[in-house]
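The chains referred to below are lettered A, B, ... by the order of the sequence lines, with proteins before strands, and numbering in each begins at 1.
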2 protein chains.
Amino acid sequence: MPKRAYSCGIDAAIDVVGGKWKVLILWALHDGARRFGELRRMVPGVSEKVLIQQLRELEADEIVHREVYREVPPRVEYSLTALGVSLNAALEPLSAWGKRHMAHIESMRERQPV
Amino acid sequence: MPKRAYSCGIDAAIDVVGGKWKVLILWALHDGARRFGELRRMVPGVSEKVLIQQLRELEADEIVHREVYREVPPRVEYSLTALGVSLNAALEPLSAWGKRHMAHIESMRERQPV
DNA sequence: GCCCATACTGACCTGGAGGTAGGTACCTGA
DNA sequence: TCAGGTACCTACCTCCAGGTCAGTATGGGC
């Protein structure tokens, strides 16, 4: 999704974090490095392919760091870069808002299954 | 998109604000009520159908308020509710992050057209 | 020799968000 | 009488993010 230009900061941020599972991935990395398998378990519902894909995109955006340990069986650890940490911090108020109004949102969704 | 349950606050928020143009709409409503036509001009690229659709969803989530003036030609004004104002405030840090790193993001996108 | 686990890759397919294009109703003003 | 402006609605279509499933390399354990 290579946009021409961003009309404001927020859609630049969304371009980075807009994947279906990316915020969940960031959240899972909040407290330290995680192995691929751990992430898969921590983000229930992702397929392997998409998890890898989104991790690669986050890596390309320099949000996460990928460390490969040449062992057998292979071990790969993902962690947040400084940029990733700052992004996570910027997401916190939105997360707090969501948590505060979660019940309200869910009740809306039940009434109107769109 | 009626999800069963939200794993954390952030994906509840994303469920509300996840439409392609919703944050831009919120942003456009930041400083007061706007008419439908104004919004269409302020959010370049949206089709009428989708703009209406997303406005209706935001209305159902009680993020925006829709005021109809029975005039001819018709006039309809959209404005943020208290909940909408709080959501907008929660988005501000993310917007600031995006603005701060916009150049970086754009350069990544140019190199890797995915 | 065979299976196990990990962390992938690649081909193929599908659902649904979003885009396109036409139509509606209303009154005004020329 | 007919174009003009506003705020919609509806049917149809496209496209791609994401999902499914199969396959790969490696070495250890039995």
At 4.0 Å (heavy atoms only), tell me whether [X] reaches a base, stays on the sugar-phosphate, or touches nothing.
X	result
A/Glu77	nothing
A/Arg70	nothing
A/Tyr78	sugar-phosphate
B/Glu48	base
B/Arg40	nothing

Based on the rotation axes of five pairs at each end, what angle does the helix from C/dG1-D/dC30 to C/dA30-D/dT1 bend through, to 10°?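 So the angle between the two local helix axes works out to 30°.
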Test: B/Arg75 and B/Glu67 ion pair at under 4.0 Å: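 No.
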Got a salt bridge between A/Glu77 and A/Arg34, using NZ or NE/NH1/NH2 to carboxylate O under 4.0 Å?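 Salt bridge between A/Glu77 and A/Arg34, a charged N being under 4.0 Å from a carboxylate O: no.
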When the distance from [atom1] of [X] to [atom2] of [N] is rounded to whole Å, what number comes out?
X	N	atom1	atom2	result
A/Leu51	C/dT9	CG	P	12 Å
B/Arg34	D/dT6	CZ	C1'	17 Å
A/Arg75	C/dA7	CZ	P	9 Å
A/Leu24	D/dG18	CG	C1'	15 Å

Decide yes or no, distance alone: a donor-acceptor N/O pair under 3.5 angstrom between the base of C/dG19 and the side-chain of B/Lys49.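 Side chain to base: pair found, below 3.5 Å.
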Ignoring backbone atoms, establish whether A/Gln53 has a side-chain N or O less than 4.0 Å from OP1 or OP2 of D/dG19.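 Looking at the OP1 and OP2 atoms of D/dG19, neither is under 4.0 Å from any side-chain N or O of A/Gln53.
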